[in-house]
Amino acid sequence: MEEKKFPLVNTCSFAGLEPIMVDLPYPPIQVRERNLNYANLLSNDYCGGVSELSAITQYINNENRLSCIKCSIAKTILGLAMAEMMHLQKLGELIFLLGGEVDFIAKMHNGKQKMWTPEYLAIPENIKKMLIADIEAEKAAINQYQMHIKMIRDDCVNAVLKRIIKDEEYHIMILHTLMGELEC
C-alpha cells in the first residue's frame with residue numbers, strides 16, 4: 001500500500017504579536033553632546049558578542065526551531081525578539097547622535113574592531129537548554145549595560161540604557177516562566 005503524501009504546514013500563527021516589554025515609556029533618544037568614546041561603547045551593545053543583534057538572531061533562530069512543535073513558546077520568543085529589535089533601533093539612534101558609525105562593527109577600548117558574527121550565538125539542541133542560554137544572554141546584557149552606565153557620564157544616554165535594562169529583567173522573568181511550563 002502506498003503511503004499518502006500531504007503538505008507539511010506550520011499552523012502556528014503569529015498574527016497580532018506584540019513586542020514583550022515593560023509597559024513604561026522610553027525616555028527621549030537624545031544626548032548631551034557628541035562623544036565618540038560613548039558611541040564606541042554602545043557599538044558593543046549594538047553588535048558585539050553580548051548585544052541586541054546577537055539577542056535578536058538567537059531568539060529568531062529559537063523561534064524558527066520551535067514554531068512547529070511548541071507554538072506558545074515560539075510566540076513568546078518572537079515577542080522577546082521584537083523587543084530586542086526596538087532596543088537595537090534605539091541604540092543605533094544614540095550611536096549616531098553621539099557621532100559614531102551605525103554598522104555591524106563593535107569598537108573595542110584597545111582600538112580593535114570586530115564585525116558581528118553568528119559565532120556569538122548559543123544554538124542548543126533542546127528547548128530547556130535554549131531557554132537557559134537565553135536567560136544567560138539576558139543576564140550578560142544587563143551586566144554589560146550596568147558597566148556602560150558607570151562609564152558614560154551622559155544622563156540622557158544612561159536613562160535609555162536603564163530603561164532597556166527593565167525590559168531585559170522582564171525577559172528573564174518571562175523565560176523563567178517558560179522554563180516552569182516545561183517542567184509541568
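These figures come from a predicted structure and were not determined experimentally.
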Using a cut-off of 6.0 Å, state whether more than 12 heavy atoms not belonging to Q146 lie near its atom CD.
-> yes
Counting N and O atoms only, with roles assigned by atom type, does the side chain of R32 sit under 3.5 Å from a partner on the main chain of R153, one being a donor and the other an acceptor?
-> no
Heavy atoms of other groups near F96 CZ, more than 12 under 6.0 Å = no
Specify whether H87 and H171 have parallel, tilted or perpendicular ring planes, treating 30° as the upper limit for parallel and 60° as the lower limit for perpendicular.
-> parallel
Could you tell me whether the side chain of N158 and the main chain of I152 form a donor-acceptor pair under 3.5 Å?
-> yes
With distance as the sole test, does N44 use its side chain to make a donor-acceptor pair with the main-chain N or O of K107 at under 3.5 Å?
-> yes
Exactly one of Q58, R65, E63 clears side-chain hydrogen bond (donor to acceptor under 3.5 Å, both in side chains) with N61, and that residue is R65
side-chain contact (heavy atoms from CB on, under 4.5 Å) evaluation trace for L36 with L98 = CA-CA 6 Å; L36 192 54; L98 288 164; over 6 Å; no
Between the side chains of D154 and N35, does any donor sit under 3.5 Å from an acceptor?
-> no
Side-chain donor-acceptor pairs of residues 111-119 under 3.5 Å, sequence neighbours excluded:
| from | atom 1 | to | atom 2 | distance (Å) |
| --- | --- | --- | --- | --- |
| W116 | NE1 | S54 | OG | 2.8 |
| T117 | OG1 | E119 | N | 3.2 |

Answer yes or no for C68 and C12: SG-SG distance under 2.5 Å.
-> no
Without swapping roles, check the side chain of Q144 against the backbone of V50 for a donor-acceptor pair under 3.5 Å.
-> yes
Would you check if there is a donor-acceptor pair between the side chains of Y170 and D23 at a distance under 3.5 Å?
-> no
Within-4.5 Å side-chain heavy-atom neighbours: I132 and M179 = yes
